[in-house]
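Here the structure comes first, spelled out in structure tokens, and everything after it is commentary.
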Amino acid sequence: MQTPSMLVLPIPMIIALVLGAFLIRIAISGERPPFLMALLAACALQSLIVSLRQHYGIGALLPLQPITATFVPPLTWLAFQTASFRPFSLPRDLVHLAAPAFAAFCVVFARVRSIRWYRPSSFSMGSPFW
């Protein structure tokens, strides 16, 4: 007879829950900075995807990881810029969507079939630096 396994709540899942709580609190409050809310949502989604992929073994989320990861830096920049210096300008800030669009293109059309991992000792043959 197999013993029941213990439930696991990994750290990325806890981070996703905390960021989701922050997002709900900002949405309920009077001020709603849109790019800060988008940044919190993107970070919570990324943590959730990492948690479900790494700790719960849901392999279908693997193609989403690089796409959602490339949304975080542009959203961080836009949240900082719009909160500190200037209002959002679509023609000026549209260029920041190039990296997520390129990542989505690569995931769809340039998939990596297999990755061959090498031990560090396999690179040291004949190299004086290893």
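Only a predicted model underlies this, so the values are computations on that prediction, with no experimental measurement involved. Computed over heavy atoms, backbone and side chain alike; hydrogens, waters and symmetry mates excluded.
Here CD1 of Ile24 is found 12.5 Å from OG of Ser29. Values are rounded to the nearest 0.5 Å. Remark: Leu40 CG to Phe22 CZ distance equals 8.0 Å, nearest 0.5 Å. We find the CG-CG distance between Leu17 and Leu48 to be 8.0 Å, quoted to the nearest 0.5 Å. Note: Leu78 CG to Arg92 CZ = 10.5 Å, rounded to the nearest 0.5 Å. Rounding to the nearest 0.5 angstrom, the gap separating the CZ atom in Phe71 from the CD atom in Gln46 is 11.0 Å.
Around atom CG of Leu97, more than 12 heavy atoms belonging to other residues, nucleotides or ligands sit under 6.0 Å away. Other residues, nucleotides and ligands contribute at most 12 non-hydrogen atoms within 6.0 Å of the CZ atom of Arg25. Surrounding CZ of Phe102 are at most 12 heavy atoms belonging to other residues, nucleotides or ligands under 6.0 Å away.
In terms of hydrophobic clustering, with Ile, Leu, Val, Met, Phe, Trp and Tyr side chains grouped at heavy-atom distances under 4.5 Å, Ile49 and Tyr56 are assigned to a common cluster. Linking Ile, Leu, Val, Met, Phe, Trp and Tyr whenever their side-chain heavy atoms come within less than 4.5 Å puts Leu45 and Leu64 in one cluster. Leu39 is not connected to Val18 by any chain of hydrophobic side-chain contacts under 4.5 Å among Ile, Leu, Val, Met, Phe, Trp and Tyr, and they are in different clusters. Clustering ILVMFWY residues whenever any of their side-chain heavy atoms sit less than 4.5 angstrom apart, transitively, puts Leu75 in a cluster other than the one holding Leu36. One hydrophobic cluster, built from ILVMFWY side chains closer than 4.5 Å, holds both Leu61 and Met13.
Smallest separation of non-hydrogen atoms from Thr82 and Phe35: OG1-CD1, 3.7 Å. Residues Ile58 and Arg53 share a closest heavy-atom pair of O-CD, 3.4 Å. Among all heavy-atom pairs drawn from Ala69 and Pro73, the shortest one is O-CD, 3.3 Å. Counting all heavy atoms, side chain and backbone alike, Pro63 lies closest to Pro66 at O-CD, 3.4 Å.
Contact annotation: the side chain of Pro33 approaches that of Ile26 to within less than 4.5 Å [non-hydrogen atoms, C-beta and beyond]. Side-chain atoms of Val72 and Cys43, non-hydrogen and from C-beta on, do get closer than 4.5 Å to each other. Using a 4.5 Å cut-off on side-chain heavy atoms (C-beta onward), Leu62 and Gln65 make contact. Two residues are said to be in side-chain contact when any heavy atoms from C-beta on lie closer than 4.5 Å; Gln54 and Pro12 fail this criterion. Asp93 is listed as a side-chain neighbour of Arg86, based on a closest heavy-atom distance under 4.5 Å.
Proximity of the aromatic rings of Phe80 and Phe85 is defined here by a centroid distance below 6.0 angstrom, and this criterion is met.
Without hydrogens or angle criteria, Thr70 side chain to Ile67 main chain gives a donor-acceptor distance under 3.5 Å. Panel note: side chain Ser47, backbone Ala44; no donor-acceptor pair is recorded below 3.5 Å.
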